[in-house]
Number of protein chains: 2
Amino acid sequence: MVSYKEVVPRHPMTRRVTLEEVARAAGVSRATVSRVVNGVTSVDENIRQAVEEAISNTGYLPNLAARSLVTRRADAVALVLPDEDRVLGDPFFGRVVRGVMTVTAPAGLHLVLTTTGVGTGDQVLSDLKRGRLDGVILIHTSPADPLPGRLLDGHFPVVLSARPSVPLPITYVDVHQTAGASLAARHLRYAGRSRLATIAGPQDSPAGQDRLRGFRDAVGDDVPWVEGDFTLPSGAAAMSRLLAEHPDVDGVFVASDLMARGALPVLRRAGRRVPEDVAIVGFDDSRAALDCDPPLTTVRQPTEEMAAEMARLLVRQIEHPETPVAAVIFQPTLVVRHST
Amino acid sequence: MVSYKEVVPRHPMTRRVTLEEVARAAGVSRATVSRVVNGVTSVDENIRQAVEEAISNTGYLPNLAARSLVTRRADAVALVLPDEDRVLGDPFFGRVVRGVMTVTAPAGLHLVLTTTGVGTGDQVLSDLKRGRLDGVILIHTSPADPLPGRLLDGHFPVVLSARPSVPLPITYVDVHQTAGASLAARHLRYAGRSRLATIAGPQDSPAGQDRLRGFRDAVGDDVPWVEGDFTLPSGAAAMSRLLAEHPDVDGVFVASDLMARGALPVLRRAGRRVPEDVAIVGFDDSRAALDCDPPLTTVRQPTEEMAAEMARLLVRQIEHPETPVAAVIFQPTLVVRHST
DNA sequence: GGGGAACGAGAGAGCGCTCTCACGATTGAG
DNA sequence: CTCAATCGTGAGAGCGCTCTCTCGTTCCCC
């Protein structure tokens with residue numbers, strides 16, 4: 001690391017313009033300027049004009065700390081992410097951020113990024129208490145995380161990115177998991193596959209449960225299934241077992257792209273071609289789906305829209321604390337690639 | 001979209017504890033509590049203990065808006081990203097965020113995410129003026145963007161992710177571009193390639209210039225080169241020209257992974273195998289490098305470290321406004337995959 | 001033309017914190 | 001033993017804004 005330096009002095013900041021000065025310039029009181037700034041309608045048109053002129057002449061910009069102090073609003077919300085490398089690297093993350101920002105940016109809300117490291121939950125909570133944050137969006141919170149409950153206890157605005165694993169009176173947005181699974185089922189059937197099976201997600205997670213149930217509802221409870229834990233190795237292991245127990249399987253719904261990616265090499269080594277011999281449908285439309293060979297047909301959630309809705313739900317809670325808890329469920333779609 | 005709702009009333013927030021109350025509880029003045037909270041040393045040990053006890057008994061947390069109002073610090077910095085879909089989807093983004101957060105989080109600084117949409121520069125600038133932001137980190141700012149200059153004019157703390165295209169007394173972090181290019185050159189040579197060429201980046205960008213210069217410095221000025229503009233199609237076009245003019249080329253340094261990804265299919269269609277007939281080295285180690293077939297050998301910048309350094313430089317500027325402008329240059333490394 | 005409603009503007013009290021300044025107590029030197 | 005220097009604490013003045021409350025006008029209706 002080499003570093004070059006050169007001296008360039010910085011000048012002191014230009015003095016700030018305050019409400020007071022605008023008021024003096026416009027020949028009115030602070031209160032009136034405040035009214036104009038905040039768009040209160042009950043201001044005489046002439047006066048409003050004068051004030052607006054004074055504002056642009058002086059280059060006035062309200063100090064938000066001062067406003068914050070009295071309104072008790074920080075005009076900032078946090079996006080809390082699990083701090084696994086996986087998440088920040090996944091395009092999913094970018095989509096979430098974009099979706100959320102479509103709502104927060106126009107509303108003048110700051111989007112603060114946080115991860116749930118050790119004790120970071122405390123950080124978020126304290127930021128909320130200290131009036132530095134108005135609410136939080138929790139993405140992929142681990143089932144063991146006590147944060148949702150604590151946020152609820154503090155009556156802070158919060159929205160989850162999925163149904164919580166324990167029933168909690170908390171607002172969340174989710175994809176219709178069972179519908180996604182049956183989308184996969186129908187697609188496999190339509191492609192002429194008749195000996196179906198599924199590699200399910202962990203049955204202690206809502207997504208794992210729902211995706212399995214959806215698939216079984218669509219194709220029958222007697223469909224063979226093996227449980228994985230949403231990780232790549234577990235997908236490989238599950239595929240081996242499935243193949244051993246049901247060598248004639250010709251269509252598999254894998255409850256996550258990552259598991260599917262683990263399953264593909266197993267199939268290949270077992271001499272099965274994808275999609276010719278076995279068709280595979282994944283779930284999530286994550287980065288992993290594209291990294292697969294062949295690229296994965298998968299169930300996709302409308303991530304941007306869901307993220308935007310989370311932001312909207314959060315804003316609503318912030319503005320109307322009495323807003324009832326809500327769950328908004330989105331319909332998934334099927335992205336057909338080359339694994340089916 | 002289906003939505004279920006149920007009524008769960010939220011209770012009013014528990015009343016906040018203020019300095020005043022802690023002071024009363026500890027039997028001291030507000031000023032003393034403030035001293036303890038802010039770690040001023042000139043406080044009698046007994047009194048300090050009493051105050052600390054009162055703080056934990058009352059569960060006191062300082063209101064940051066109030067503090068902000070007097071200290072004129074927002075304790076928040078913005079990460080400004082170009083708002084191209086590409087960026088948010090690229091793992092590069094995640095690495096930058098992670099790197100920056102390793103510095104901002106422990107410092108208690110909020111990391112605010114922003115994109116440079118139309119007029120968003122104004123937003124950033126006004127947040128700075130309104131005392132809502134202490135400084136900004138600009139990632140991949142387009143050469144035409146007036147924002148860096150305007151930030152400099154306002155004497156706001158700012159750090160760029162690369163050398164600005166026009167000379168500006170501004171702090172930045174960059175990778176040693178020419179060193180990266182010569183890394184690529186040496187690698188190709190070492191792999192026994194002797195008929196080298198390069199697809200350069202746009203020659204009006206610092207990175208484009210430096211990468212070409214580094215390569216030419218390493219292999220000679222007479223090396224064939226074609227200019228692209230860092231995009232995928234331009235890489236394809238450049239490769240076609242290169243192949244037409246120098247059909248015997250056996251090693252190409254492509255100044256961006258994205259262009260390399262455009263070049264690969266052109267080579268394939270021309271009957272050239274990669275790496276057997278032609279070896280390819282890219283630059284950036286972006287997502288595109290992995291999406292290539294075969295995966296790309298590429299020049300990698302230590303993104304996390306660079307991002308962390310940007311954050312450090314920014315913090316220094318915020319805390320010491322007279323800090324001189326600096327440029328910190330990092331050494332790149334070569335990631336060898338299957339295209340060489 | 002008089003009474004009351006409706007309306008628009010100003011005065012002023014905070015919001016919770018920091019920080020300067022003054023002051024009493026303690027200490028040390030002469 | 002006195003006086004000055006030192007140290008720790010408290011009082012109080014803001015920081016810049018919002019918002020309630022009051023008060024003077026205007027307007028309308030009978």
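Just so you know, these numbers use all the heavy atoms, side chains as well, and skip hydrogens, waters and symmetry mates. Chain identifiers are assigned alphabetically (A, B, ...) following the order of the sequence lines, protein sequences preceding nucleic acid strands; residue numbering begins at 1 within each chain.
The residues B:R24 and B:E21 are annotated as not salt-bridged, no charged nitrogen and carboxylate oxygen being separated by less than 4.0 angstrom. Using a cut-off of 4.0 Å between Lys/Arg side-chain N and Asp/Glu carboxylate O, A:R150 and A:D122 are scored as salt-bridged.
Counting only heavy atoms from C-beta outward, the side chains of B:N38 and B:S34 approach each other to under 4.5 Å.
If B:R30 and A:V33 are placed on DNA chain D by their nearest nucleotide, the residue sitting closer to the 5' end is B:R30. When the nearest nucleotides of DNA chain C are assigned to B:Y60 and B:R35 by heavy-atom distance, the more 5′-ward of the two goes with B:Y60.
Nucleic acid contact for A:V37: none, since no nucleic acid atom lies under 4.0 Å from a heavy atom of the residue. Residue B:R72 is in sugar-phosphate contact alone, with no base atom involved, counting any heavy-atom pair closer than 4.0 Å across all strands shown. Contact annotation for A:L64: no contact, since no heavy-atom pair falls under 4.0 Å across all strands.
With rounding to whole Å, B:E45 atom CD is found 17 Å from D:dC7 atom P. In this structure, CD of A:E21 is placed 11 Å from P of D:dC15, rounded to the nearest angstrom. In this entry the distance linking CD of A:E20 with P of C:dA11 reads 10 Å, nearest Å. The separation between A:L69 atom CG and D:dC19 atom P is 12 Å, rounded to whole Å. Protein atom CZ of B:R132 is 14 Å distant from nucleotide atom P of D:dC17, rounded to whole Å. One atom, CG of A:N63, and another, C1' of D:dG16, lie 6 Å apart when rounded to the nearest Å. Computed from coordinates, the B:R130 CZ to D:dC15 C1' distance equals 17 Å when rounded to whole Å. Distance A:I55 CD1 to D:dC17 C1': 13 Å, rounded to the nearest Å.
For A:S34 and D:dT18, the shortest distance from a side-chain N or O to OP1 or OP2 is below 4.0 Å. Within the structure, a side-chain polar atom (N or O) of B:N38 is placed less than 4.0 Å from OP1 or OP2 of C:dT18. Distances shown here put a side-chain N or O of B:T32 below 4.0 Å from the OP1 or OP2 atom of D:dG10. Taking side-chain N and O atoms only, B:T18 has no distance below 4.0 Å to OP1 or OP2 of C:dG16.
With A:Q317 contributing its side chain and A:T323 its backbone, the two residues share no donor-acceptor pair below 3.5 Å. Looking at B:T32, its side chain never comes within 3.5 Å of a backbone N or O of B:V28 through a donor-acceptor pair.
Each of C:dT18, C:dG12, C:dG16 was ranked by its minimum atom distance to the side chain of B:L19; first place goes to C:dT18. The nucleotide whose nearest atom lies closest to any side-chain atom of B:R67 is, among C:dC17, D:dT9, C:dA9, C:dC17.
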